[in-house]
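A short write-up of the structure that comes next.
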Amino acid sequence: MASVLDGSRRTFLLSASLLVPKMLFPWLRLRRTGQFQGFLAGVRPNATSPSGIRFENIAQKAGVHFVTENSPTPEKHQPETMPAGIALFDYDGDGWLDIYLVNGAEMPSLVKTGPKYYNRLFHNNGDGTFSDVSLRAGVTGAGYGMGAAVGDYDNDGQPDLFLANVNENQLFHNNGDGTFTDVTAKAGLGGALHKGRKMWSIAAGWFDYNNDGLLDLFVANYCEWDPRYEPVCLGLDGRGYCHPDSFPPLTNTLYRNNGDGTFTDVSAETGISKVEGRGMGVAFADYDNDGWLDVFVANDNSPNLLFHNIAGKRFEEVGVQAGVAYNDDGNVLAGMGVDFRDVNNDGLPDIWHTAIENETFPLYKNTGKGAFVNMGPQSGLANLTRPMSGWSNAIVDLDNDGWKDLVVARSDVLDNIGQISRHFRYAEPNSVFRNLGTGRFEDVSAMAGPDFTRPAPHRGLAFGDLDNDGKMDLVITALGAPASVFRNVTQTQNHWILLKLVGTKSNRMGIGAQIRVTTGDGKRLYNEATMSTGYAASSDPRVHFGLGGARLIREIEIRWPSGTRQLLHDVSADRIMVVTESSGGS
């Protein structure tokens, strides 16, 4: 394990006015008190003990040739270190997940001046290969890209694509014939204004906040940034990237779907714009089980935000009260990626988000009482992640044993970190932590294969079953380096099911549906339908369950966003199952 910067070294750096992003500058608050809860609620022993989780990078032989062009310059413009967007979705309805990768542009013009800066859409051919269809599809994008979010906003059965950019956001409507149309202006989603400028957006996600059957859009905005007035921050070898505190924070944006192809900015009336932050990751879950989706925003060097949904009318920001705004010492973190899912099979969604070295990646366990407790120390994750810097991440069952594992794309923020500290490197290996089913996690990265642990300046990560074999694969991007398509080649006899939801009263994609699976051997497993994961990513819309040794599912209970409860009985495992929302309750 790498050691931390010693005190004299850190003091020297600060006295030299080195403003490096994401180094810890404490913002002390009173530590939240209260009895520390255990993490074993709902825990049962594993059904089987599979061999190690393992991946093979098939990007080159599969035809996925992509490099994230972040356009690094001697001026060290702030966005250069941050593009990451990935979306995995079946854009043409052929049953195979396709891959969309977001790219940068020239600095400081923020213009895509040539094909090397194009965003790319790779069509899944269903035979282990992909074809670049970006030009035909019309989704090469404009401007300096950050994140991607997929959602069927008009309920026509064709998933649409939203892009979060530094300069102006974009909405692409899926025409259903393999092409998309840029409808940004018509929809009114170019980006909210701040002091006369479009806000720098990083991440976004689709969710139905008012349960009217139409997907609304939440956009996480980062900070005030203008290349014309960017502060000069000095590093050891000249100019360096500035600390986030050098840039004022922004509010986030909530757009209500009007149902006619247009959206209304309701940030003020719903309370979303009452608080500021430097938003990098956004995720949704109904954490208090009241039937309304809530929003968590991972913030960079400002308190994390948890927006509690009040009956689809407004949001109350409860991050401090809920115990997720700061770490256990009362410090803000360099929050980046986040996933919001039930980790310990107790039916309550938990929060896991990434940060930088020395901060650890907190795992906030949902107590079921409107509050969370950080189980980083008890779970083993605090020690495991202390020397790491993480970007996009996911909570996903990678070995199908019925317990969701944790995976993270890693890299330091600074391309010159090696000149600042002998303990850290810019390029880092990725990491995977296996859920032991006992409240603890084991770092099994060393067994994940040489492709997975090859160091690179990783940024984006999204997960999905690219080959429909029931094992969840990964796509990971890196700055100035080829993207990786990691096929899950874990050897296991465990079983699985993938549920593709089709809403009728609810939104067409069923986003926000809560699902409980009871296996034939009596285990209860939980998941929610969501695509907004990690950092600026959109993952498989199908809901995945590893089933361990169970070949039969005794019962599937789905609580749709409309309030409909639907039961399915005696379902066989190892299949992709389409479930259409029933017309009445169960």
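Owing to the predicted nature of the structure, the values given are computational and were not obtained by experimental measurement.
- Exactly one of Thr519, Asp574, Asp401 qualifies for a side-chain hydrogen bond (donor to acceptor under 3.5 Å, both in side chains) with His495. That residue is Asp574.
- Inter-residue side-chain proximity for Leu163 and Leu161 is flagged as met; some heavy-atom pair is nearer than 4.5 Å.
- Here the CD1-CG distance, from Ile576 to Asp469, works out to 9.0 Å after rounding to the nearest 0.5 Å.
- Looking at heavy atoms from C-beta onward, Glu428 lies out of side-chain contact with Val408 at the 4.5 angstrom threshold.
- Side-chain atoms of Thr68 and Asn70 include no donor-acceptor pair closer than 3.5 Å.
- Put simply, the side chain of Lys404 reaches to within 4.5 Å of the side chain of Asn527, judged on heavy atoms.
- Within the structure, ring pair (Phe, Tyr, Trp, His ring centres under 6.0 Å) contacts touching residues 513-540 (residues at least two apart or in different chains) are Trp391-Tyr535.
- Between Glu555 and Leu567, some side-chain heavy-atom pair lies under the 4.5 Å cut-off.
- Not one N or O on the side chain of Ser582 forms a donor-acceptor pair closer than 3.5 Å with the backbone of Gln566.
- Using a 4.0 Å cut-off between a side-chain N of Lys or Arg and a carboxylate O of Asp or Glu, Arg341 and Glu528 do not qualify as a salt bridge.
- Residues Met531 and Met509 are in side-chain contact: their nearest non-hydrogen atoms beyond the backbone lie under 4.5 Å apart.
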Start with the C-alpha gap between Asn155 and Asn507, add the side-chain angles, then the distance that decides, and say whether side chain to side chain contact (heavy atoms under 4.5 Å, CB included) holds.
CA-CA 7 Å; Asn155 287 331; Asn507 66 86; 4.2 Å; yes
Criterion side chain to side chain contact (heavy atoms under 4.5 Å, CB included) on Met577 and Leu568, from CA distance to verdict
CA-CA 11 Å; Met577 183 177 184; Leu568 306 172; 3.8 Å; yes
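- Between the side chain of Asp286 and the main chain of Gly291, a donor-acceptor pair closer than 3.5 Å is present.
- Between Ser532 and Trp206, every side-chain heavy-atom pair lies at or beyond the 4.5 Å cut-off.
- The heavy-atom pair separating Val343 from Asp350 by the smallest distance is N-OD2, 2.8 Å.
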Leu406 and Ile395: side chain to side chain contact (heavy atoms under 4.5 Å, CB included), yes or no, with the steps?
CA-CA 5 Å; Leu406 309 178; Ile395 302 173; 3.7 Å; yes
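- For Asp465 against Leu97, the heavy-atom pair with the smallest separation is N-CD1, 3.6 Å.
- Every pair passing ring pair (Phe, Tyr, Trp, His ring centres under 6.0 Å) that includes a residue from residues 450-473 is listed here, sequence neighbours excluded: Phe55-Phe452, Phe452-Phe486.
- Ring geometry for Phe180 versus Tyr91: interplanar angle of 30 to 60°, hence tilted.
- Although no hydrogens or angles enter the test, the distance criterion places no donor-acceptor pair under 3.5 Å between the side chain of Gln60 and the main chain of Ile58.
- Asn124 and Asp98 get closest at one heavy-atom pair: N-OD1, 2.7 Å.
- The 12-atom threshold is not exceeded at CZ of Arg551, counting heavy atoms of other residues, nucleotides or ligands nearer than 6.0 Å.
- Atom CZ of Arg565 sits about 12.0 Å away from atom CD1 of Ile558, to the nearest 0.5 Å.
- With 3.5 Å as the limit, one finds a donor-acceptor pair spanning the side chains of His123 and Asp92.
- Looking at Lys523, its side chain never comes within 3.5 Å of a backbone N or O of Gly402 through a donor-acceptor pair.
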Do Ile515 and Ile556 pass the side chain to side chain contact (heavy atoms under 4.5 Å, CB included) test, and can you show the C-alpha distance, the side-chain angles, and the key distance before you say yes or no?
CA-CA 7 Å; Ile515 304 171; Ile556 299 175; 4.0 Å; yes
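- Between Asp467 and Arg487 there is a salt bridge, with a side-chain nitrogen of the basic residue lying less than 4.0 Å from a carboxylate oxygen of the acidic one.
- Ring pair Tyr287/Phe372 is tilted by interplanar angle, where 30° to 60° counts as tilted.
- To the nearest 0.5 angstrom, Asn327 atom CG is 4.5 Å from Leu333 atom CG.
- Between Gly157 and Asp152 the shortest heavy-atom distance is N-OD2, 2.7 Å.
- Ser389 places no side-chain N or O within 3.5 Å of a backbone atom of Asp412 that could act as its donor or acceptor partner.
- A donor-acceptor contact closer than 3.5 angstrom is absent between the side chains of Thr518 and Arg554.
- Rounding to the nearest 0.5 angstrom, the gap separating the CG atom in Asp443 from the CG atom in Leu381 is 9.5 Å.
- With contacts defined as side-chain heavy-atom distances shorter than 4.5 Å, the pair Phe218/Leu293 does not qualify.
- The closest side-chain donor-acceptor pair between Asp132 and His65, if any, does not fall under 3.5 angstrom.
- Nearest heavy atoms, Val338 versus Gly281: CG1-C, 3.7 Å.
- In this structure, Asn304 contributes its side chain and Gly335 its backbone to no donor-acceptor pair below 3.5 Å.
- How far CD1 of Ile553 is from CG of Leu547: 4.5 Å, rounded to the nearest 0.5 Å.
- For the residue pair Thr354 and Arg410, no side-chain donor N or O sits within less than 3.5 Å of a side-chain acceptor on the partner.
- Counting only distance, with no hydrogens or angles, the side chain of Asp288 and the backbone of Gly370 share no donor-acceptor pair below 3.5 Å.
- Under 3.5 Å, the side chains of Thr564 and Lys505 contain a donor-acceptor pair of N or O atoms.
- The backbone N or O of Tyr153 sits less than 3.5 Å from a side-chain atom of Asp160, completing a donor-acceptor pair.
- With hydrogens and angles disregarded, a donor-acceptor distance shorter than 3.5 Å links the side chain of Ser411 to the backbone of Tyr426.
- Between Arg434 and Val432, the closest side-chain pair of non-hydrogen atoms is not below 4.5 Å.
- Not one N or O on the side chain of Asn103 forms a donor-acceptor pair closer than 3.5 Å with the backbone of Arg120.
- The shortest heavy-atom contact between Asn488 and Leu398 is ND2-O, 2.9 Å.
- Take Phe340 and apply the ring pair (Phe, Tyr, Trp, His ring centres under 6.0 Å) test, not counting sequence neighbours, and it matches no residue.
- Taking OH from Tyr100 and CZ from Phe122, the interatomic distance works out to 11.0 Å, rounded to the nearest 0.5 Å.
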